Colleague: 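Take a look at this one; I'll ask things after.
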Amino acid sequence: MWFVQGGASRVADGRYFDSDWGGMVTAIKAKKIGARATATLLAGTMLSGAAVAQTAPQTAPATPPAAAQAAPAPVAPQVTRTIKSIRVQGSQRIEPETVMSYTRLRVGDAYTNETIDQAIKDLLASELLADVTIEGVETGDLIIRIRENPVINRVIYEGNKRLKEDKIKKEVKLAPRQIFTRTAVRADVARIIELYRRQGRFAAVVEPKMVSLDQNRVDVIFEVHEGPKSKVRQINIIGNEVFSDGKLRGEMATKTASIMHLMSSNTSYDQDRLAYDQQKLRQFYLTEGYADFRVISAVAELTPDKKDFIITYVVEEGPRYKFGPVTVDSAIRDFDDKKLAAALSIKEGQWYNAKAVEDTVEQLSETAGIAGYAFADVRPEFQRDKDSLTMAMNFHIAEANRTYIERIDITGNRQTQDKVIRREFRVAEGDAFNTFLVKRSQDRINSLGYFQDKFEIERVEGSAPDRIVLKANVEERANGELTLSAGFSSLEQFILQASIRQRNFRGMGQTVSASVDYSSYSKSVELGFTEPYLFDTNVALGGTIFRRDYNAFNYIGSDRSTTYSQISTGFQLVAGVPLTEYWTLSGRYYLAKDDVTLDKSSFYSDTNGDGILDTCDPLKAGRYYCEAVGNRLTSLVGVTLTYDSLNSRLRPSRGQRLSVSGDFAGVGGDVRYLRARVDGDKYWNVGKGFIASLSVEGGYIHSLEKASAAGSDPVRITDRFYLGEPQFRGFDIRGVGPRVQRYSYSGSVAGGDQLLITDKDQVTDDAIGGKAYYLTKAELEIPLGAGAAEMGLRPSIFIMAGSLFNITRPGKTIEFEQAKDSNGALLYNSDGSPSLLPKDNYIKDSAGNQLYIVSASDATNSGLTTTCAVGYSASASTPCVGTSINAIYNSQISPFYERYVGDSAMPRVSIGFGVNWNSPFGPLRIDVAKTLLHAKGDDTKLVTFNVGTQF
């Protein structure tokens with residue numbers, strides 16, 4: 001069969017001219033595939049992003065040229081007939097009565113040829129029919145033969161890789177079970193093209209096709225050829241004299257496609273962005289004083305290859321203005337116009353700045369709001385003097401009523417109880433309206449972290465002009481957190497974490513938590529609970545119980561070696577009460593039992609000669625570690641005074657926080673010391689998404705006990721401060737501060753080839769902490785595009801300075817005798833290091849008796865240790881038996897050199913950049929930091945990263 005679209009007339013060459021489609025349509029012989037037949041729809045009428053074909057106006061069927069040139073024939077008189085009957089044939093889904101309702105033909109009415117033609121046009125215009133003919137015109141027995149438009153079975157999209165099908169379906173109108181019409185197809189093609197244009201793909205082509213099915217059904221297929229994304233190749237600016245092209249391009253959102261903007265998403269052409277850039281240019285010039293600036297034209301031209309755009313702006317800068325007299329005209333009697341004007345930031349003689357005018361309007365509105373005038377109308381009035389190039393400003397404050405809070409409405413909180421939100425409001429129903437207190441209430445609710453980001457309190461007029469309704473429409477977010485994560489950290493190697501936390505338990509604002517952490521160097525289990533408003537009062541109470549296993553380590557070259565293990569088991573109780581809106585006082589009690597041990601196989605020695613490693617050996621562990629071994633109970637009380645005006649505790653962008661705390665350990669227990677810490681942060685929103693911050697912290701600990709021996713510090717090594725990664729970027733973990741480095745020797749004095757081994761891989765490096773430290777950080781968070789923000793990327797640049805210091809210089813583990821020449825002069829090696837002699841280490845038993853090794857002359861006891869210089873005895877209390885002459889038990893110690901370094905308050909400085917990323921594997925922090933200043937012995941580190949830990 002031949003399939004021909006309705007409304008087409010056959011031309012002599014076998015093609016069909018379609019008056020509806022405005023072009024030639026090639027008839028396609030349908031081949032049956034099963035029960036299906038295929039036909040190309042809209043052949044030759046494809047729409048592209050570069051140029052959309054305009055539909056030609058409907059025309060009459062083409063006539064031969066000869067007929068067109070012939071003289072017009074005489075017009076025959078119209079013949080009027082009467083309709084005797086009307087029948088509808090060919091209807092399948094449409095009732096005959098419905099077909100008749102679209103025409104004016106009725107039995108008994110008179111008709112002419114024009115009447116019949118109009119009836120056909122009316123039926124085709126209904127878009128229900130594909131073809132219409134009327135027979136029996138000569139007799140009056142009319143037969144309306146129709147072929148209905150097919151029903152859409154499916155709508156299929158092919159080739160749409162960059163634009164998901166779901167987004168297309170929301171825009172197009174064609175859908176299954178609807179009537180197929182050409183008009184709807186054309187409209188949907190245009191809509192799809194527009195979607196691709198919004199993505200910057202102006203070379204996109206959409207070709208609609210149709211597959212005929214049985215029962216007068218069709219499948220509509222949109223074949224999409226997306227093409228490349230159209231970039232902005234060049235931005236030209238004409239008419240600018242004061243500012244360079246580069247400066248103005250920098251103010252625009254649109255960027256040219258170049259290596260410099262490789263990561264930018266704004267290099268594609270966007271018509272909306274073009275209009276936005278014009279506004280950006282105007283804003284820039286208005287802030288620089290050019291009040292008459294205007295964009296004369298902005299033209300975007302598609303390159304011949306349809307790949308890129310060239311944008312050209314024609315601008316007129318005009319003269320630069322200064323502020324003239326600045327006055328305030330207030331109709332509110334409570335305000336003094338002169339005092340208000342004097343407090344404004346803009347002054348006469350300054351360059352005109354439209355942004356400063358907006359800020360002034362906001363400042364005056366805030367001032368009126370603090371005084372209780374919620375709906376004060378502040379309008380700037382401009383008086384431009386083109387001769388003196390000044391802009392006089394008058395800010396008119398219209399008369400307004402003092403406003404009172406009629407009602408506070410809270411909606412959207414399905415889980416959170418109303419009281420949890422209401423207790424954060426700094427105003428109550430019936431109070432005078434105060435902009436500052438409403439803003440503070442908004443910040444406190446945001447800081448809860450229970451609701452959507454950038455929550456705002458809406459202000460609505462109340463039942464009277466002096467009444468206002470505050471509406472808190474919240475959107476609850478998931479406050480329960482279940483975390484199971486594994487990762488790798490440069491600090492702790494393999495990390496496994498499991499935690500569960502509910503920050504809004506039972507919708508009452510309570511916090512419950514449980515966590516388990518495991519890594520190569522630390523393990524912990526912790527349970528916690530916090531009630532922020534105990535018994536609905538302003539008293540917060542919380543507590544934790546914990547078990548923490550921590551392994552300290554040192555470096556021998558690049559290898560880590562575990563030094564001491566500390567197991568802490570205990571609990572902490574914390575109670576806090578607000579003193580003012582911003583000041584809070586909290587107290588705490590901490591009780592923990594610490595068990596510090598050393599690995600016996602690495603750091604213990606056999607002092608009795610019985611093969612049992614029973615004593616910590618300072619030669620292996622260092623005296624400072626041996627002193628730390630043992631069990632002790634810490635009972636501590638502390639107090640903290642905090643000032644907090646941050647707008648959010650989760651991701652602050654403005655405000656400050658200061659915390660001063662003091663601890664006293666000695667309420668019972670085995671440890672006695674005083675400890676003080678100061679911690680402060682300040683944040684600024686510096687505009688355009690940039691957030692600057694400054695952080696300062698420091699601490700000092702003072703022991704209330706005496707040192708156990710000369711050369712030891714009374715503050716135990718487990719109670720001291722440590723500094724390095726991750727607090728101090730650019731340094732390794734515990735990489736800053738006092739440390740003891742041990743160097744060994746190669747060769748011997750006797751051989752004349754003794755040299756100090758300085759290879760880092762063979763140096764033992766022990767960080768021993770400090771009693772005082774300070775750390776400062778200045779950081780600037782850099783905004784990224786919307787796509788990067790959705791991924792959770794937050795880059796920043798920073799500079800840090802700090803130090804750890806003030807510890808008693810540890811005594812040497814052992815004193816080696818320096819070799820002398822025959823004249824008694826001290827000897828030095830060729831590398832300048834002192835020539836040290838091995839030291840005899842005479843082994844004694846627990847009672848202090850010298851031990852001997854039984855000689856081989858005693859066949860029975862040869863090689864055993866004894867307290868007898870002659871003969872053998874199993875113990876010092878029994879007599880010596882035998883005549884063997886025994887050798888003194890002496891373990892000679894090879895010489896080594898200990899160096900104490902790093903105990904200096906001199907600031908260490910690092911600078912670098914980092915990225916926070918909320919990755920699918922958990923939070924990730926990567927930092928690249930270069931150390932600018934460091935002390936001798938500090939361990940620096942260029943790149944650090946952490947996965948699966950909080951930051």
Side-chain angles (χ1 to χ4, degrees), residues 550 552 554 564 566 588 590 594 622-625 627-628 634 636-642 657-666 671-681 694-741 765-778 799-811 899-910 931-940:
Y550 173 75
N554 64 8
Y564 68 85
Q566 180 180 355
R588 60 187 167 278
Y590 172 92
D594 297 321
R623 190 170 64 182
Y624 34 84
Y625 283 143
E627 291 172 351
T634 301
L636 178 150
V637 293
V639 63
T640 300
L641 183 63
T642 303
R657 182 181 183 276
L658 175 66
S659 175
V660 180
S661 64
D663 296 321
F664 168 67
V671 181
R672 292 173 57 82
Y673 62 76
L674 292 173
R675 182 174 60 196
R677 295 190 65 177
V678 177
D679 186 1
D681 304 283
L694 178 65
S695 301
V696 179
E697 63 174 289
Y700 182 79
I701 184 169
H702 173 71
S703 178
L704 300 178
E705 305 175 70
K706 293 184 178 181
S708 59
S712 65
D713 197 280
V715 178
R716 292 173 175 83
I717 197 170
T718 54
D719 296 326
R720 299 172 189 170
F721 297 113
Y722 291 89
L723 192 59
E725 183 190 351
Q727 307 103 307
F728 203 160
R729 303 164 192 170
F731 293 89
D732 209 336
I733 183 171
R734 298 190 173 190
V736 177
R739 58 208 323 104
V740 175
Q741 296 176 330
D765 190 347
D766 289 327
I768 58 176
K771 292 190 295 186
Y773 86 100
Y774 65 89
L775 180 65
T776 62
K777 178 185 66 175
I799 183 170
M800 304 187 73
S803 183
L804 176 71
F805 56 96
N806 192 19
I807 200 76
T808 301
R809 184 185 184 94
R899 185 175 69 165
Y900 176 65
V901 294
D903 190 0
S904 170
M906 180 197 76
R908 282 74 155 174
V909 180
S910 67
T931 303
L932 302 181
L933 292 176
H934 66 275
K936 184 181 293 186
D938 289 346
D939 289 333
T940 61

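Heavy-atom basis, side chains included; hydrogens, waters and symmetry copies ignored. What you see is a predicted model; the values in this text were computed from it and never measured.
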Colleague: Does the cation-pi check pass for Arg809 over Tyr900, that is, NZ or CZ under 6.0 Å from the six-membered ring centre and within 45° of its axis?
Modeller: no
Colleague: Using a 4.5 Å cut-off on heavy atoms from C-beta on, say whether the side chain of Phe664 contacts that of Val639.
Modeller: no
Colleague: Would you mind checking if Asp663 and Arg588 are paired as a salt bridge, meaning a charged N to carboxylate O distance below 4.0 Å?
Modeller: yes
Colleague: Is the shortest side-chain heavy-atom distance between Phe728 and Thr931 below 4.5 Å?
Modeller: no
Colleague: Is there a donor-acceptor contact under 3.5 Å from the side chain of Arg734 to the main chain of Gly724?
Modeller: no
Colleague: Do Phe805 and Lys771 have side chains that approach each other closer than 4.5 Å (heavy atoms only, starting at C-beta)?
Modeller: no
Colleague: Do the side chains of Ile701 and Phe721 get nearer than 4.5 Å, heavy atoms only?
Modeller: yes
Colleague: Side-chain contact test, heavy atoms from C-beta onward, threshold under 4.5 Å: evaluate it for Tyr773 versus Arg720 and give yes or no.
Modeller: no
Colleague: For residues Asp681 and Leu694, determine if any side-chain heavy atom of one lies less than 4.5 Å from a side-chain heavy atom of the other.
Modeller: no
Colleague: Just so I know, are the side chains of Thr640 and Val660 near enough to count as touching, which here means a heavy-atom distance under 4.5 Å?
Modeller: no
Colleague: For Arg908 and Ser803, test the side chains for any donor-to-acceptor distance below 3.5 angstrom and give the result as yes or no.
Modeller: yes
Colleague: Side chains of Arg739 and Arg899: closer than 4.5 Å at any heavy-atom pair?
Modeller: no
